[in-house]
Visitor: 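My questions all concern the structure below.
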Amino acid sequence: MSAPRFTTLGCRLNAYETEAMKELAEAAGVRDALVVNTCAVTSEAVRKARQEIRKLRRENPDAPLIVTGCAAQTEPETFAAMPEVTHVIGNTEKMQAETWAGLAPDLIGETEAVRVDDIMSVTETAGHLIDGFGTRSRAYVQVQNGCDHRCTFCIIPYGRGNSRSVPAGVVVDQIKRLVDRGYNEVVLTGVDLTSWGADLPGEPRLGDLVMRILRLVPDLPRLRISSIDSIEADENLMLAIATETRLMPHLHLSLQAGDDMILKRMKRRHLRDDAIAFCEEALRLRPEMTFGADIIAGFPTETDAMFANSLRLVRDCHLTWLHVFPYSPRPGTPAARMPAVAGPVIKARAAELRKAGDAQVAEHLAAQVGRTHQVLLENPRMGRTEQFTEVQFSEDQPEGQIVSARIHGVAGRQLAA
């Protein structure tokens, strides 16, 4: 009998939770099972999940097959109806020890085939924290889950529930353990990171958490923030950007579009000028700051002029690392009922955005030649700068350590040192 095999689809948070599930499954004695941790961000993501399930079943005809994650939460009936699937488990249930105890070999068949409760009734974050998910150099710490906002294109709140925060003291204690184990960088992660604290006593903000971590964990060399909603950036977060060199100068922004009408139809809470003002202020406070961003191409009703505004935003906001999403309708969302843009047009616009992103990457890489960076090694020949730019080394370096490296060239989308 062997340990269960996990397949993870979708976001970094899903990958984090897969690591937690591995520990829970091992402790419960689950064996020989296949577990698919699904994503529901687009219809394509759900299609890929079904495709992966069928493939796994063909390769493993006798193994119990467990489906969990956001698609299992939002569409449990879809997966329960698949003959390949043995159990469907919701996003809350997958993080509970008793769920996995019920899936141990001697109990397979005695537990419910579908265990998916109302995610909106969940008021606490999963208590199962794991130390050290990631590489040997970088650890990810989940500080928040769920989302209180209802963007018209997004199904994720129905998969993740409302926003819940991990208390600051719990986060600080975990990061202290990670530093004691030799990790040189910690990344704070969540579904809607800038909403952290709204459900905690005193309603602290993300900037308060960042400042507290840096103050109480002085031996942490590097702290990084994953995706944020720039309109929710608070004063202390901006203060940390300006004054805390251990907070890395790289922010991934949830922008989605650069046209005010499209932003309103998306039910976003910022306008184009808000995004530009935030980026300009962050760069004023920290000139070496780099930005990544999510941009959707071909949102319903998007005209050529509206798309042009999104395309210009790439330069106006000095975006370097783009995640471009060709819009695909998600059943159950308001945007799915809006007048659609033709498929070939969506594809062409996505290609234009990616081309603009490639130009920004090339410009950023060229500007680094001749500079010296502090590079955190992910493996003996590759590491990342403070701005999350990959650096390739010609000789082996100490994995997990931070080394000072002078950049002498560019190789594809990497720097050469």
Side-chain angles (χ1 to χ4, degrees), residues 12 15-16 19 130-143 171-189 193 209-228 237 239-252 282-283 285-292 320-321 361 364-417:
R12 175 64 68 175
Y16 178 102
E19 296 302 308
I130 62 166
D131 290 345
F133 160 60
T135 65
R136 284 170 55 188
S137 53
R138 179 181 299 108
Y140 292 80
V141 174
Q142 181 186 353
V143 302
V171 175
V172 168
D173 287 346
Q174 188 183 14
I175 293 174
K176 284 179 178 176
R177 290 197 301 273
L178 292 167
V179 172
D180 287 343
R181 290 175 54 191
Y183 285 92
N184 282 315
E185 182 174 299
V186 165
V187 185
L188 303 183
T189 186
L193 202 55
L209 177 63
V210 167
M211 296 294 265
R212 184 168 177 176
I213 291 167
L214 292 169
R215 185 177 74 252
L216 296 179
V217 196
D219 294 335
L220 173 66
R222 290 162 62 139
L223 180 66
R224 199 178 287 280
I225 299 173
S226 61
S227 183
I228 67 165
L237 183 57
L239 179 64
I241 289 170
T243 63
E244 294 286 356
T245 57
R246 291 186 293 146
L247 178 63
M248 294 296 96
H250 166 254
L251 294 172
H252 189 85
L283 281 167
L285 297 173
R286 195 85 173 268
E288 69 271 33
M289 181 68 73
T290 58
F291 304 106
T320 300
W321 314 109
V361 170
H364 168 72
L365 294 176
Q368 309 313 309
V369 177
R371 296 184 180 180
T372 298
H373 281 283
Q374 302 305 306
V375 180
L376 177 65
L377 273 299
E378 295 184 6
N379 63 56
R381 293 293 179 100
M382 195 280 286
R384 291 185 188 265
T385 68
E386 305 90 329
Q387 289 99 343
F388 213 58
T389 310
E390 290 189 1
V391 180
Q392 197 69 35
F393 289 84
S394 56
E395 297 179 356
D396 284 357
Q397 304 294 321
E399 187 174 349
Q401 299 304 303
I402 298 171
V403 301
S404 183
R406 183 172 173 82
I407 307 303
H408 62 71
V410 175
R413 291 173 69 91
Q414 293 179 321
L415 298 171

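Just the heavy atoms: all of them, side chains too, but no hydrogens, waters or symmetry mates, feed the values below. Residues: numbered from 1 along the sequence shown.
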Visitor: Do the side chain of R286 and the main chain of I241 share a donor and acceptor less than 3.5 angstrom apart?
Guide: yes
Visitor: Please find the pair of heavy atoms, one from Q374 and one from S404, that lie closest to each other, and give the distance.
Guide: NE2-OG, 3.3 Å
Visitor: Can you find a heavy atom in the side chain of R384 that is under 4.5 Å from one in the side chain of R138?
Guide: yes
Visitor: Quick one: closest heavy-atom pair of V375 and A405, and the distance?
Guide: CG2-CB, 4.1 Å
Visitor: For residues S226 and L193, report the shortest heavy-atom separation together with the two atoms involved.
Guide: OG-CD2, 3.7 Å
Visitor: Got a sec, which residues hit ring pair (Phe, Tyr, Trp, His ring centres under 6.0 Å) with H364, two or more places apart in sequence or on another chain?
Guide: W321
Visitor: Counting C-beta onward and ignoring hydrogens, is there a side-chain heavy-atom pair between I175 and L188 closer than 4.5 Å?
Guide: yes
Visitor: Do H252 and F388 have side chains that approach each other closer than 4.5 Å (heavy atoms only, starting at C-beta)?
Guide: no
Visitor: Less than 4.5 Å apart, side chain to side chain, heavy atoms only: is that true for T320 and V361?
Guide: yes
Visitor: Please table the atom pairs, donor to acceptor, closer than 3.5 Å between any side-chain atom in residues 408-415 and protein atoms at least two apart or in another chain.
Guide:
| unit_1 | atom_1 | unit_2 | atom_2 | d |
| --- | --- | --- | --- | --- |
| R413 | NH1 | D358 | OD1 | 2.9 |
| Q414 | NE2 | E390 | OE1 | 2.7 |
| Q414 | NE2 | Q392 | OE1 | 3.2 |

Visitor: Would you confirm whether Q397, through its side chain, and E395, through its main-chain N or O, come within 3.5 Å as a donor-acceptor pair?
Guide: yes
Visitor: Side chains of I225 and L237: does their closest heavy-atom pair fall under 4.5 Å?
Guide: yes
Visitor: Of all the heavy-atom pairs spanning G383 and F393, show the shortest one and how long it is.
Guide: N-CE1, 4.4 Å
Visitor: Are any non-hydrogen side-chain atoms of Q401 and N184 less than 4.5 angstrom apart?
Guide: yes
Visitor: Please report the closest heavy-atom contact between Y183 and P221, naming both atoms and the distance.
Guide: O-CD, 4.3 Å
Visitor: Can you tell me how far CD of Q142 sits from OG1 of T189, rounded to the nearest 0.5 angstrom?
Guide: 7.0 Å
Visitor: Under 4.5 Å between any side-chain heavy atoms of L223 and R246, yes or no?
Guide: no
Visitor: Using a 3.5 Å distance criterion without hydrogens, assess whether the side chain of Q387 forms a donor-acceptor pair with backbone atoms of E288.
Guide: yes
Visitor: Suppose we screen for side chain to side chain donor-acceptor pair (under 3.5 Å). Which residues come up paired with H373, at least two apart in sequence or across chains?
Guide: Q368, E386
Visitor: Compare every heavy atom of V217 with every heavy atom of K176, then report the nearest pair and how far apart it is.
Guide: CG-CG2, 3.9 Å
Visitor: Do side-chain atoms of R406 reach the backbone of A417 as a donor and acceptor pair under 3.5 angstrom?
Guide: no
